[in-house]
Amino acid sequence: MLSRRNFLTAAVGVAAAGGLAACAKEDEGSSGSDSSSGGGKKITLGFAQVGSESGWRTANTKSVKEAAKEAGYNLKFSDAQQKQENQISAIRSYIAQKVNVIAFSPVVVTGWDAVLKEAKTAKIPVILTDRSIETSDDSLYVSFIGSDFIDEGRRAAKMLEKVLEKAGHKGAVKIAQLEGTTGAAPAIERAKGFKEIMDAEHKDDWKVVVSQTGDFTRAGGKQVMAAFLQSNPDINVLYAHNDDMALGAIQSIEAAGKKPGKDILIVSVDGVKDGFVAMSEGKINGIVECNPLLGPQLMDLVKKVNDGETVERRIKTKEGDFLQEQAKEALPTRKY
Ligand code: GZL
């Protein structure tokens, strides 16, 4: 029985938050005043969301909005429809509106330095949520709260070992990989973690025969899986970087007259309710959980940053792993 652990651990280090937020705190007015601590005025948070591409994202948006309301913050929220230029525009508009804090989930890892330098110049602290960025300038954000995607990839590979054993699989393991959005941290890192285990422990018997992005959507998963089955009809495992792509792929697998969860064993990531339903129906064999309910921890972080407190540079969410036999039992208590 795989246990479920769901708690926040603060990783090492202290961010530049104190300095940056202290500047914001000291330099009142530059970021629309900071009378939030004691002055009675609401904290204004600008949040630039990736989009609404998956069940995970829907749950994440709900968590952010509900937690901001609960915290009494003035939330400015934007949906970038998975386009980086929209997220950059949203961040620029938050800077122009002189919000107290900016938080966002970067759709891809590169291309953020310019706009984050503008936020730094405006003395508005930035928090990364869910996904991180590649930058040589650590001062561009004060903290990153989200999952460890490389670890999720490793866990998916270790889960596949259990799924293959349980299925009594014999012979070659021919894996199709549905990748997340090209250039996104979860796509890059879930592939990396999975490959690490495959190279170390399954060099001779596992092979990724085909791999392509489905952009984290059901439609993408369905379309790409149909093409996979045309080009590689002997696929016997699917590793999907999220449940929505796995659910789309299941439609194509069934349309091809094959049984998902049996003819093609499926391991996925996220743990949204529809993924658990598919698992309870025997169509998905295992799911690595990725917790979207970051809202409450984010709002705590926003308050600390706005009040000039030092905060952890990296806050990792811990999650569980679920095999088929746990799906039915877990379903009633799933929160997303
Ligand atoms: C992961 C998150 C990913 C989910 C997808 O933290 O960024 O984006 O796994 C979502 O479902 O689209």
Side-chain angles (χ1 to χ4, degrees), residues 6 8 47-64 79-84 86-87 103-110 112 127-134 143-156 159 177-194 213-222 224 238-250 266-276 278-279 284 286-295 297-298 314-322 334-336:
N6 194 354
L8 265 184
F47 190 94
Q49 181 61 291
V50 166
S52 47
E53 73 281 1
S54 64
W56 190 98
R57 189 65 55 198
T58 303
N60 180 247
T61 290
K62 185 165 178 282
S63 177
V64 167
D79 171 339
Q81 294 159 343
Q82 290 186 284
K83 292 182 176 61
Q84 181 172 30
N86 292 349
Q87 276 193 303
F104 76 115
S105 168
V107 60
V108 292
V109 294
T110 54
W112 301 102
I127 297 170
L128 302 183
T129 88
D130 169 29
R131 300 180 183 180
S132 189
I133 63 172
E134 284 172 7
S143 185
F144 164 39
I145 175 170
S147 302
D148 179 338
F149 301 131
I150 296 178
D151 189 48
E152 288 175 350
R154 295 190 193 107
R155 287 158 49 202
M159 180 178 281
Q177 178 174 231
L178 277 171
E179 301 166 17
T181 302
T182 302
I188 295 165
E189 295 172 9
R190 284 171 184 165
K192 184 176 177 185
F194 188 90
T213 180
D215 208 18
F216 280 134
T217 66
R218 289 195 192 200
K222 180 178 180 181
V224 174
L238 169 63
Y239 168 41
H241 289 181
N242 84 330
D243 294 344
D244 284 74
M245 292 191 292
L247 293 163
I250 284 169
I266 300 179
V267 169
S268 180
V269 187
D270 274 354
V272 296
K273 194 157 280 183
D274 288 350
F276 269 76
M279 207 155 49
I284 291 181
I287 295 181
V288 169
E289 188 184 41
C290 176
N291 185 353
L293 307 181
L294 304 176
Q297 292 93 27
L298 173 61
R314 177 71 173 97
I315 301 171
K316 286 187 185 178
T317 45
K318 283 251 180 215
E319 294 118 2
D321 299 334
F322 295 84
R334 294 299 298 166
K335 294 197 184 81
Y336 61 92

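Indexing begins at 1, ligand by ligand and atom by atom, following the structure's order.
Comparing heavy-atom distances from atom 1 (C) of ligand 1 across His241, Glu152, Arg190 singles out Arg190 as nearest.
A side-chain donor-acceptor contact under 3.5 Å links Arg155 to the backbone of Glu289. Between the side chain of Glu152 and the backbone N or O of Glu319, no donor-acceptor pair lies under 3.5 Å.
The only member of Glu179, Arg190, Gln177 that meets side chain to side chain donor-acceptor pair (under 3.5 Å) when paired with His241 is Gln177. Partner of Asp244 under the salt bridge (charged side-chain N to carboxylate O under 4.0 Å, His left out) criterion, out of Arg57, Arg218, Lys273: Arg218 alone.
Atoms of ligand 1 found under 4.0 Å from any heavy atom of Pro186 (numbered from 1 in listed order, with element): 7 (O). Of all the atoms in ligand 1, the ones that sit under 4.0 Å from a non-hydrogen atom of Glu53 are 8 (O), 10 (C), 12 (O). Short contacts between ligand 1 and Ser54, defined as distances under 4.0 Å to a heavy atom of the residue, involve ligand atoms 5 (C), 10 (C), 11 (O), 12 (O). For ligand 1, the atoms lying closer than 4.0 Å to a non-hydrogen atom of Cys290 are 1 (C), 6 (O). Against a heavy-atom cut-off of under 4.0 Å, Phe149 is close to the following atoms of ligand 1: 1 (C), 6 (O).
Nearest protein neighbour of atom 4 (C) of ligand 1, counting heavy atoms only, is Asp270 OD1, 3.4 Å.
Polar contact with ligand 1: present for Arg131 (N/O pair, distance under 3.5 Å). The shortest N/O to N/O separation between Asp130 and ligand 1 falls below 3.5 Å.
Aromatic ring pairs are classed by plane angle as parallel below 30°, tilted from 30° to 60° and perpendicular above 60°; the pair Phe276 and Phe322 is perpendicular.
Around the NZ atom of Lys62, the shell of radius 6.0 Å holds no more than 12 heavy atoms that belong to other residues, nucleotides or ligands.
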Please evaluate residues Trp56 and Phe216 with respect to the criterion ring-ring contact (aromatic ring centres under 6.0 Å, His included), reporting the C-alpha separation (whole Å), side-chain torsions for both, the decisive distance (0.1 Å), and the verdict. CA-CA 10 Å; Trp56 190 98; Phe216 280 134; 8.9 Å; no

